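Scroll down for the structure; my scribbles are underneath it.
Computed over heavy atoms, backbone and side chain alike; hydrogens, waters and symmetry mates excluded. The first residue of the sequence shown is numbered 1, and numbering continues consecutively from there. Whatever order the structure lists ligands and atoms in, that order sets their numbers, starting from 1. On a predicted model such as this, the values are computed, not experimentally measured, just so you know.
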Amino acid sequence: MTTKEKVLHYLEQFQARVVSGQEIADQLRLSRNSVWKAVKALQADGVAITALANKGYQLDAVPDSLAKNRILPLLDEKPDYIAVHSSLDSTNNAAKTLVAEQAVAKGVILSEEQTKGRGRLGRQFYSPEKTGLYMSLIYKNDLQVDAASLTTAAAVAVCKAIETLTGKQPGIKWVNDIFLERKKICGILTEGIISMETGTIDTIIVGIGLNVRQPERVPEEIKSVLGALFTETTPPITRNQLAGEIINQMGNLYKNLKENAHLEEYRKRCFILGENISFEDRESGEVREGTAHSIDEEGSLVVQLTNGRQQTLRYGEISINIKEMRTTV
Ligand code: BTN
């Protein structure tokens, strides 16, 4: 990282607060003169930094474009591939193409917008520019984990990242939707690439779509369910910070994925337990009702049916029958 990048990154943590030149110099082990020069260079680049005589520097507005060089310094472990695009059809599609072309053990692909963002069950995922975080994480499946474990881990990682950076407490609707104040703010699409040689899942792609702030135009059909992490037009944290924190949280959970150690955290955040739910049975196609009973050791949802029997759902989608809360997007 250049001195300029270091100074910008430091100031980004204290947005709208005056930070003394001495503090920056001490923390970054630089001379005050180098700090001053870096600030001048950043100002010349168009970064809005106010210099207050005898007080220090204040970053007026954090540049919120996604940028590789703003995410990389935040990461605990560097991935072997990371790219930020201004527009893609889908980051999951780009991840698949990449994996077909070159070996990637751990990779990250982000895009400012997606023109054909994909959701679960063949749905579209509305992905307008600047307001969301659209990111695919690539994992070579060395641990031979189940894709479902990565999905539940990703839901926990997103919640923990949001809690760490904002103090807000989102909840998980099984299996992988994140809700805040009864609105969906994030969806996760996990896809596996099967090796032709072994017939096993060779690489897993975890696609995360987080609505950071509400877009100006929202399609009518998702208006009532689509929420956003922030209501303000200038959120207090950047999408780069969110991306970095989600990747770090995911990295921590990945280490113990084989033991499904993250499921305890998942259960704590899963707000549907104890609620009346309905779902379509995959085999019979009939709609069944019951109470969400528990999450088992594999992340499956155990449902206590109204007919007295129990059914375990490994995949699929449920609707929660809470008054005034329609949860299927
Ligand atoms: C859902 O809610 O149905 C899942 C949505 C997943 C959206 C993300 S955005 C990044 C990645 N690329 C895609 O095309 N989809 C996923």
Test item: Gln43 side-chain N/O and Ile49 main-chain N/O as donor-acceptor pair under 3.5 Å
yes

Side chain, backbone, both or neither: Ile188 near ligand 1, heavy atoms under 4.0 Å
backbone

At under 4.0 Å between heavy atoms, what of Leu121 touches ligand 1? The answer is neither

Please confirm whether the backbone N or O of Pro128 pairs with a side-chain atom of Tyr134, one donor and one acceptor, at under 3.5 Å?
yes

Minimum distance, heavy atoms only, to atom 3 (O) of ligand 1: which one of Glu317, Met135, Arg123, Arg120 is it?
Arg120

Where do Glu221 and Arg123 land on the salt bridge (charged side-chain N to carboxylate O under 4.0 Å, His left out) test, with the steps shown first?
CA-CA 12 Å; Glu221 60 277 17; Arg123 295 189 190 115; over 6 Å; no

When you check the gap from the basic side-chain N to the acidic O, do Arg288 and Glu283 get nearer than 4.0 Å?
no

Side-chain ion pair, Arg269 and Glu163, N-O less than 4.0 Å:
yes

Just jot down the ligand 1 atoms closer than 4.0 angstrom to any heavy atom of Leu189, in number order.
6 (C)

Can you sort out which atoms of ligand 1 are near Gly117, meaning under 4.0 Å from one of its heavy atoms?
14 (O)

Would Ser90 count as being in polar contact with ligand 1, using the rule that some N or O on each side must be under 3.5 angstrom apart?
yes

Atoms of ligand 1, numbered as shown, that sit under 4.0 Å from any heavy atom of Lys184:
1 (C), 2 (O)

Taking NZ, NE, NH1 and NH2 as the nitrogens, is one of them in Glu191 or Arg120 under 4.0 Å from a carboxylate oxygen of the other?
no

Lys106/Asp80 under salt bridge (charged side-chain N to carboxylate O under 4.0 Å, His left out): CA gap, chis, key distance, verdict
CA-CA 6 Å; Lys106 277 196 184 139; Asp80 49 16; over 6 Å; no

Just which atoms of ligand 1 are under 4.0 Å from any heavy atom in Gly119?
1 (C), 3 (O), 4 (C), 5 (C)

Could you say whether the N/O atoms of Arg118 and ligand 1 ever approach to under 3.5 Å?
yes

Using distance alone, decide if ligand 1 has a nitrogen or oxygen within less than 3.5 Å of any nitrogen or oxygen in Ser136.
no

Checking side-chain polar atoms at under 3.5 Å, does Glu23 have a donor or acceptor matched by the opposite partner on Gln27?
no

Atom indices of ligand 1, in the order listed, that fall short of 4.0 Å to a heavy atom of Thr91:
10 (C), 11 (C), 12 (N)

